[in-house]
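Side chains included, hydrogens not; waters and symmetry mates left out as well; all remaining heavy atoms used. Note that the structure is predicted; figures quoted are calculated from it, not measured. Chain letters run A, B, ... following the sequence lines, proteins first, then strands; residues in each count from 1.
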2 protein chains.
Amino acid sequence: MPEIASILDAAKHWTAHYRRGHLIYGEGDLTTGIYRVDKGCVRLQVDSADGDRQIVAFLFPGDVFGMSVDLRTSSAEAVSDVDLTRYSLPSVLELATRSTSVLLQVMRAADTVYGELAHHTEQITHLPATERVLWFLDRLAGREGVQPGEPVRLPMSRRDVSDYLGLTPETLSRIMRQLQDDGHLSAVGRKSFTLRRPTFRVGPVDDPQLDPLSLPSEQLCA
Amino acid sequence: MPEIASILDAAKHWTAHYRRGHLIYGEGDLTTGIYRVDKGCVRLQVDSADGDRQIVAFLFPGDVFGMSVDLRTSSAEAVSDVDLTRYSLPSVLELATRSTSVLLQVMRAADTVYGELAHHTEQITHLPATERVLWFLDRLAGREGVQPGEPVRLPMSRRDVSDYLGLTPETLSRIMRQLQDDGHLSAVGRKSFTLRRPTFRVGPVDDPQLDPLSLPSEQLCA
DNA sequence: CGGCGATTTGAATTACATCAATCTAGGTGG
DNA sequence: CCACCTAGATTGATGTAATTCAAATCGCCG
């Protein structure tokens, strides 16, 4: 989302660098700024007491994240070495009260990540492992704007991917082997792959309308 | 979140009523307003092509939802007959550019739902079925401010609960029976239950000794 | 070149889903 | 008011996808 970035640049900001694996902020930390990825990859995650980890989002160049107000509701870590732009929260807020477009962009960004997480959750609870992996790779390829046949780079570890998809690394490994054997996928080293099939599949869309019986009633108040 | 509601009341608003099971808005609809629940229960969900449904949130009186900007990223439906207050989006936006507290509240609300979904996702991908159910019931009881021993009402159907927890209705049914047999839970009719053990524990996590099945005292975290 | 974490492979296990058959509640009409 | 009627809920039997445990292998970085 380059637009939001350029608009946000009117707020106080500076660059920040994090090395692979390092914490950008932790859940519960006080929020003092929001970020944009300039280079590299960032993961948003929730860690449970018993060591399990759920990655809720991967962020790439152009993505804005960290739009909390007081306390962070998830952690952010650097998947690779990353370059970030860090915007002062007070400055952004102040800007938003003067510019409707800034306000809109911030709200839009917040809603976008929510919608993406909602769909992510839907996918990993209802899709079998193979389709989850395909869905992930497909989306990654689509996001990078890769042409079919072109190799896509996976900046994150297998463990990251499995923690994103709700699978064990073992299962993920088996699935990827299977996908290669079936010709859906061909690996280029360990960190790149080529999707045989077209990016973004167009499944048959059903109509899950339930019961359109009566209409809601509304009345003006106050 | 009653505070946000009272502040939002400065924006143009109406009351709206929906009957059990009816659509409040659908994914992809144009956003024209945001809502607060006054009475009843609302579910936010995403439906997949093959008829599967993932409920991403249940909303109760006081909760504000629908903070999208252009297109809705999920659907909202009435779990029970509901009374809502509907705030005009343009009016809220206009208000936010004049009042920092409104802006803060809207952003805070958006971040809260995000954080909750992130944790919800974490729970349903890492917790076994029994603990998922316990987690849900416990949170529901906590939210309703029910004292231990007091019965809690489940406003939603079993199917709703199973679609929220990523289980089949059959599994949910078996789990709930098991919980009753084990004395963790006692049902009062089909729509109410009493939690034997303490509702809600936000206490600091002790040590890595976690085997919830061995002892009567469960560790349930939010 | 050696060491060690990350990944892959293999075998056994299991938790949950699926399929199919009741059962129950609560809404409807007689 | 009560007896149906039906969708939702429960129960049972069986299947299986994914996990778990364990071991071998890869590949990166010193």
Side-chain angles (χ1 to χ4, degrees), chain A residues 19-21 43 48 50-55 79-81 123-136 154-182 185 187-193 210-211 213-214, chain B residues 19-21 43 48 50-55 79-81 123-136 153-182 185-193 210-213:
Chain A
R19 293 236 230 98
R20 151 182 253 265
R43 62 179 179 250
S48 76
D50 55 347
D52 284 331
R53 174 181 74 154
Q54 178 63 45
I55 294 180
V79 167
S80 58
D81 290 358
Q123 303 285 353
I124 68 178
T125 61
H126 292 301
L127 254 41
T130 303
E131 295 181 54
R132 269 185 249 183
V133 175
L134 242 17
W135 169 78
F136 172 73
L154 276 175
M156 68 291 288
S157 70
R158 295 295 142 103
R159 174 150 281 283
D160 282 341
V161 176
S162 60
D163 282 346
Y164 181 78
L165 295 177
L167 299 171
T168 58
E170 294 95 325
T171 300
L172 175 63
S173 179
R174 280 183 255 271
I175 298 286
M176 294 203 65
R177 156 144 299 290
Q178 191 61 42
L179 285 174
Q180 288 176 65
D181 292 351
D182 294 354
L185 188 70
V188 185
R190 273 268 179 73
K191 304 234 131 211
S192 291
F193 69 92
L210 297 180
D211 52 336
L213 289 180
S214 69
Chain B
R19 294 233 231 101
R20 152 181 253 262
R43 60 177 181 250
S48 76
D50 56 346
D52 283 332
R53 175 181 75 155
Q54 177 64 44
I55 294 180
V79 167
S80 58
D81 290 358
Q123 303 286 353
I124 69 178
T125 62
H126 292 301
L127 254 40
T130 302
E131 294 180 56
R132 269 185 249 183
V133 174
L134 243 17
W135 170 78
F136 173 73
R153 196 152 179 296
L154 276 176
M156 68 292 286
S157 70
R158 295 296 142 102
R159 174 151 282 282
D160 282 341
V161 176
S162 60
D163 283 346
Y164 181 78
L165 294 177
L167 299 171
T168 58
E170 292 96 325
T171 299
L172 175 62
S173 180
R174 281 184 253 269
I175 299 286
M176 294 203 66
R177 157 143 299 289
Q178 191 61 42
L179 286 174
Q180 287 176 65
D181 292 351
D182 294 355
L185 186 70
S186 58
V188 185
R190 274 266 179 75
K191 305 231 130 214
S192 291
F193 69 93
L210 353 101
D211 185 359
L213 296 178

Spacing between B/Met156 atom CE and D/dA9 atom C1', to the nearest angstrom:
16 Å

Expressed as a whole number of angstroms, how long is the span from A/Ile124:CD1 to D/dA18:C1'?
14 Å

How many whole angstroms separate atom NE2 of B/His126 from atom P of C/dA15?
18 Å

Flag, side chain of A/Arg132 to backbone of A/Leu127, donor-acceptor distance under 3.5 Å
yes

Specify the separation, in whole Å, of atom CD1 of B/Ile175 and atom P of D/dT11.
12 Å

Around atom CZ of A/Arg53, are there more than 12 heavy atoms from other residues, nucleotides or ligands closer than 6.0 Å?
yes

Could you run through nucleotides 19-30 of chain D and give me one letter per nucleotide, 5' to 3': B if any protein heavy atom sits under 4.0 Å from the base, S if only the sugar-phosphate is that close, - if neither?
BBBB---SS---

Interatomic distance where CG belongs to B/Leu154 and P belongs to D/dA9 [whole Å]:
10 Å

Whole angstroms only, please: what is the CD-P distance between B/Gln178 and D/dT11?
11 Å

Closest contact, heavy atoms only, B/Gln54 versus B/Asp163:
NE2-O, 3.2 Å

Please state whether the phosphate of C/dT8, meaning OP1 or OP2, lies under 4.0 angstrom from any side-chain nitrogen or oxygen of A/Arg177.
no

How are the rings of B/Tyr164 and B/Phe136 set relative to one another: parallel (under 30°), tilted (30 to 60°) or perpendicular (over 60°)?
tilted

Can a donor-acceptor pair be found, under 3.5 Å and without considering hydrogens, that links the side chain of A/Asp81 to the backbone of A/Arg20?
yes

List the atom of B/Leu167, the atom of B/Val133, and the distance in Å for their closest heavy-atom pair.
CD1-CG2, 4.1 Å

Of B/Arg158 and A/Thr130, whose nearest nucleotide on DNA chain D comes first from the 5' end?
B/Arg158

In whole Å, I'd like the distance from the CD atom of A/Gln180 to the C1' atom of C/dT8.
12 Å

Measure from CG on A/Leu179 to P on C/dT8 and round the result to the nearest Å.
12 Å

